[in-house]
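So that the names make sense, note that chain A is the first sequence line, chain B the second, and so on, each numbered from 1.
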Amino acid sequence: MALALYNTLTRRKEAFQPLNPDHVGMYVCGPTVYDRAHIGNARPVIVFDVLYRLLSRLYPKVTYVRNITDVDDKINQRSKDSGEPIEVITARTTRLFHDDIAELNALPPTIEPRATAHIAQMLDMIGRLIAKGHAYAAEGHVLFSVPSMSDYGKLSGRSMDEMIAGARVEVAPYKKNPADFVLWKPSTPDLPGWDSPWGRGRPGWHIECSAMSGQYLGTTFDIHGGGLDLVFPHHENEIAQSQCANGAPFARFWLHNGHLMVEGEKMSKSLGNFFTVRELLDQAPGEALRLYMLSTHYHQPFDWTADGLKQARAVLDRMYTALRNSAEVAAEICDPPAEVLAALEDDLNTPLAIAHLHELTTVLNKATEAADKARAKGALLAAAGMLGILTQDPEAWFRWQPANTAAGLSDADIEALIVARADARKARNFAEADRIRKELADSGVLLEDGAQGTIWKRA
RNA sequence: GGCCGGAUGGCAGAGUGGUGAUGCAGCGGACUGCAAAUCCGCGUACGUCGGUUCAAUUCCGGCUCCGGCCUCCA
């Protein structure tokens with residue numbers, strides 16, 4: 001089975017053929033570093049991480065570019081409010097972003113370019129757009145002339161007339177056409193700025209992605225991804241800038257992940273249902289957050305609920321239990337099972353892939369011969385690797401507790417109580433044994449008596 | 001107002017023109033000092049009204065409801 005991806009550009013699922021069969025290029029819009037990542041930011045990170053893993057398996061070389069936007073008016077505002085220098089805010093937020101998503105088992109991209117390190121490329125592109133009549137300078141701004149591009153609006157499927165009719169913004173007086181958008185804007189002395197032929201200024205929102213994708217992936221490349229909300233205007237404008245400046249097609253496949261809701265409601269700060277990744281990492285292991293995210297197809301809206309997160313954790317409990325119960329055999333090294341690859345190759349059908357993981361878990365649980373166990377374990381782990389889960393030692397998984405929790409029973413306390421209970425059981429004092437088990441259960445520790453003794457886990 | 005998605009069993013969530021999703025929860029059984037874990041078995045489903053078809057949850061159309069986007073939000 002070949003890789004098929006839903007392409008927003010054609011609104012169809014298409015067979016994916018890379019431009020160069022030996023080297024796939026993918027660009028995904030990364031974070032604007034002014035605040036900690038929230039779960040909405042985490043979705044594209046996780047979704048495109050799975051795609052990156054899949055592409056890396058299917059093709060000899062993959063270059064995955066995910067930018068860091070470190071020049072933006074939201075950052076400027078944050079600095080103004082807090083008094084902290086911009087560089088301090090962006091450096092810290094970038095570091096926290098890396099910390100957070102590492103816990104979600106997201107692999108680092110091949111290249112993670114920062115916008116401020118590519119101002120020269122942006123200015124070059126703006127210069128070429130002006131030279132070709134696709135942009136004009138006005139009052140210190142440089143604007144992209146939307147009417148200069150005949151097929152503008154192709155990605156988002158809207159016409160010029162619609163956009164003008166539906167425009168909700170006040171039209172700046174320096175715009176020749178209400179749909180024109182900013183490539184470069186003037187900076188006052190207190191704002192970050194770079195010298196340019198149009199005066200000291202800073203880039204508009206869209207130009208950085210055009211400049212950086214072109215720099216690292218070439219003018220035409222395979223895949224461009226991001227959140228569904230970026231289709232318009234961000235990605236539409238990236239296409240306009242890049243194609244008009246380069247005279248060549250831009251990204252061939254456009255992939256967009258759906259948005260997040262929380263407990264059935266749109267996620268928003270005013271509703272107070274806005275979770276950062278860090279807050280959630282105190283509720284459940286990163287792997288549970290990741291699996292939960294992948295339990296809905298990436299194109300669908302995702303409804304984040306407390307119960308859903310609990311279920312995702314229960315799913316991993318089941319899989320890690322199977323691994324723990326087969327700890328005595330080494331996993332056989334093997335390729336991921338065909339049905340798992342087929343599910344992922346069918347437009348990243350992660351829910352179906354997870355269903356296959358359940359089946360593989362059952363196979364492992366049922367295996368009795370060592371060779372069967374080793375094979376089943378290898379298949380499960382290889383499949384899980386495609387999704388970036390089951391990466392830790394099962395014992396570590398079952399011992400997990402929130403980092404900042406008030407200390408409950410330590411591992412040593414628990415082991416001591418288990419020994420005491422084993423003695424009581426040996427003496428057939430089941431009342432005492434059950435009392436100890438209850439005591440542990442009340443502290444969130446569950447026991448399982450097996451042939452090889454008693455094992456435990458934190459609920 | 002314009003554009004785009006969606007509606008599947010108690011819950012989550014795939015998929016399909018005719019037969020099993022999967023998991024959780026529930027019920028019954030095996031196992032267990034009792035549990036837990038595991039295994040086996042069981043049940044309930046495709047919003048609504050029409051159309052196409054030998055056959056529709058699946059294709060087409062109307063309706064209802066829900067969600068998203070419409071200039072700097074992933």
Side-chain angles (χ1 to χ4, degrees), chain A residues 8 11 28-32 37-48 69 72-74 146 153 156-159 161-172 175 178-182 185 203-206 225-234 236-237 256-261 264-269 292 295-297 299-303 305 307-308 310-315 317-319 321-322 324-325 343 346 349-359 361-362 364-366 368 425 428-431 433-434 437-438 441 446-451 454-457:
Chain A
T8 306
R11 286 164 217 293
V28 176
C29 291
T32 300
H38 57 70
I39 44 173
N41 299 312
R43 170 117 101 146
V45 170
I46 293 170
V47 163
F48 290 104
T69 297
D72 181 276
D73 286 352
K74 285 192 293 296
V146 169
S156 53
R158 57 193 81 202
S159 71
D161 294 346
E162 282 167 15
M163 281 180 289
I164 292 163
R168 292 198 299 198
V169 286
E170 216 173 304
V171 178
K175 286 189 180 182
D180 293 349
F181 58 90
V182 171
K185 54 188 167 187
W205 178 30
H206 319 294
L228 197 56
D229 56 329
L230 295 181
V231 173
F232 187 87
H234 184 53
E236 195 70 76
N237 291 349
H256 293 98
N257 61 275
H259 265 211
L260 257 102
M261 316 218 296
E265 288 186 304
K266 181 181 171 159
M267 184 176 78
S268 77
K269 281 179 176 160
Y292 184 30
S295 68
T296 294
H297 186 89
H299 211 254
Q300 297 286 113
F302 187 102
D303 190 11
T305 65
D307 188 57
K310 210 170 118 197
Q311 280 204 26
R313 221 181 137 180
V315 166
D317 272 343
R318 177 169 185 263
M319 293 176 182
T321 297
R324 182 191 230 183
N325 291 343
D346 184 13
N349 192 338
T350 52
L352 185 58
I354 292 167
H356 290 313
L357 284 188
H358 281 295
E359 289 159 0
T361 302
T362 302
L364 176 57
N365 280 330
K366 285 164 80 168
T368 51
R425 289 182 76 213
R428 301 195 68 77
N429 182 356
F430 295 120
D434 289 348
R437 181 167 60 198
K438 173 92 168 42
L446 302 178
L447 301 185
E448 289 173 27
D449 297 327
T454 299
I455 54 177
W456 60 274
K457 64 183 176 190

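- Across the protein-nucleic acid pair, A:Phe232 atom CZ and B:C73 atom P stand 14 Å apart, rounded to whole Å.
- Within 4.0 Å (heavy atoms only), A:Lys310 reaches no atom of the nucleic acid at all.
- Stretches of at least 3 consecutive Watson-Crick or G-U wobble pairs, with each checked distance under 3.5 Å, appear in RNA chain B as B:1-7 with B:64-70, B:10-12 with B:22-24, B:26-30 with B:38-42, B:47-51 with B:59-63.
- When heavy atoms are screened at a 4.0 angstrom cut-off, A:Gly40 is found touching base atoms of the nucleic acid.
- Dashed line: the shortest gap from a side-chain N or O of A:Thr321 to OP1 or OP2 of B:A37 is not under 4.0 Å.
- Contact annotation for A:Leu446: no contact, since no heavy-atom pair falls under 4.0 Å across all strands.
- Out of B:G6, B:A37, B:G33, the shortest distance to the side chain of A:Asn325 is found at B:A37.
- Rounded to whole Å, the C1' atom of B:A12 lies 15 Å from the corresponding atom of B:C46.
- Atom pair A:Met319:CE and B:A37:P shows a separation of 16 Å (rounding to whole Å applied).
- Pairing each heavy atom of A:Thr350 with each of A:Thr296, the nearest pair is OG1-O, 3.9 Å.
- The same atom, P, is picked in B:U8 and in B:A14; the two are 11 Å apart, to the nearest Å.
- For A:Lys175, whose side chain is taken as the heavy atoms from C-beta onward, the closest listed nucleotide among B:A37, B:U71, B:G33 is B:U71.
- A:Arg318 CZ to A:Leu357 CG: the interatomic distance, rounded to the nearest 0.5 Å, is 10.5 Å.
- Taking atom P on both B:C69 and B:G10, the two are 31 Å apart, rounded to the nearest angstrom.
- Here the CE atom belonging to A:Met319 is positioned 10.5 Å from the CG atom belonging to A:Asn365, to the nearest 0.5 angstrom.
- As rounded to whole Å, 14 Å separates atom P of B:G68 from atom CZ of A:Arg43.
- Separating the CG atom of A:Asp303 from the C1' atom of B:G6 is a distance of 13 Å, rounded to the nearest angstrom.
- Nucleotide B:A74 holds its P atom 19 Å from the CE atom of A:Met261, rounded to whole Å.
- Residue A:Gln300 has its side chain nearest to B:A14 when only B:G33, B:A14, B:U38 are considered.
- Rounded to an integer number of Å, the gap from A:Arg425 CZ to B:C34 C1' is 9 Å.
- Across all non-hydrogen atoms, the minimal contact from A:Tyr292 to A:Asp303 is OH-O, 3.1 Å.
- For the P atoms, the distance from B:G62 to B:G2 is 14 Å, rounded to whole Å.
- Regarding contacts with the backbone of B:C40, a side-chain N or O of A:Lys366 is found under 4.0 angstrom from either OP1 or OP2.
- A search for side-chain hydrogen bond (donor to acceptor under 3.5 Å, both in side chains) contacts involving A:Glu359 returns A:His356, not counting sequence neighbours.
- Taking 3.5 Å as the limit, the base of B:C34 and the side chain of A:Arg437 contain a donor-acceptor pair of atoms between them.
- Across A:Phe232 and A:Ser156, no two heavy atoms sit closer than the pair CD1-OG, 3.5 Å.
- For A:Asp72 against B:C73, a side-chain-to-base donor-acceptor contact under 3.5 Å is absent.
- Atom CG in A:Asp449 sits about 8 Å away from atom C1' in B:A36, given to the nearest Å.
- B:C42 sits 16 Å from B:C24 when the P atoms are compared, rounded to a whole Å.
- The shortest heavy-atom contact between A:Leu446 and A:Ala441 is CD2-CB, 4.5 Å.
- Heavy-atom contacts from other residues, nucleotides or ligands closer than 6.0 Å to CZ of A:Arg428 number 12 or fewer.
- A:His299 NE2 to A:Thr8 OG1: the interatomic distance, rounded to the nearest 0.5 Å, is 5.0 Å.
- Backbone-only engagement by A:Asn349 is indicated by non-hydrogen atom pairs under 4.0 Å involving sugar-phosphate atoms exclusively.
- Nucleotides B:G13 and B:A25 have their C1' atoms positioned 15 Å apart, rounded to a whole Å.
- Taking the P atoms as reference points, B:U44 lies 16 Å from B:C11, given to the whole Å.
- Listed nucleotides: B:C11, B:G33, B:A74. Nearest to the side chain of A:His38: B:A74.
- Taking atom C1' on both B:G47 and B:C66, the two are 11 Å apart, rounded to the nearest angstrom.
- Relative ring orientation between A:His234 and A:His206 is described as tilted, the plane-to-plane angle lying within the 30° to 60° band.
- The distance from atom CZ of A:Phe181 to atom P of B:C72 is 14 Å, rounded to the nearest whole Å.
- Closest of all the heavy-atom pairs between A:Ala353 and A:Ala343 is N-CB, 3.8 Å.
- Toward the 5′ end of RNA chain B lies the nearest nucleotide of A:Arg11, the other residue of the pair A:Gly450 and A:Arg11 mapping further downstream.
- With rounding to the nearest 0.5 angstrom, the CG atom of A:Asn325 is 7.0 Å from the CD atom of A:Glu448.
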Provide a list of protein-nucleic acid N or O atom pairs under 3.5 angstrom, restricted to nucleotides 20-29 of chain B.
unit_1	atom_1	unit_2	atom_2	d
B:G23	N2	A:Gln311	OE1	3.2

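- Residue-to-nucleotide contacts include no donor-acceptor pair under 3.5 Å from the side chain of A:Asp229 to the base of B:G68.
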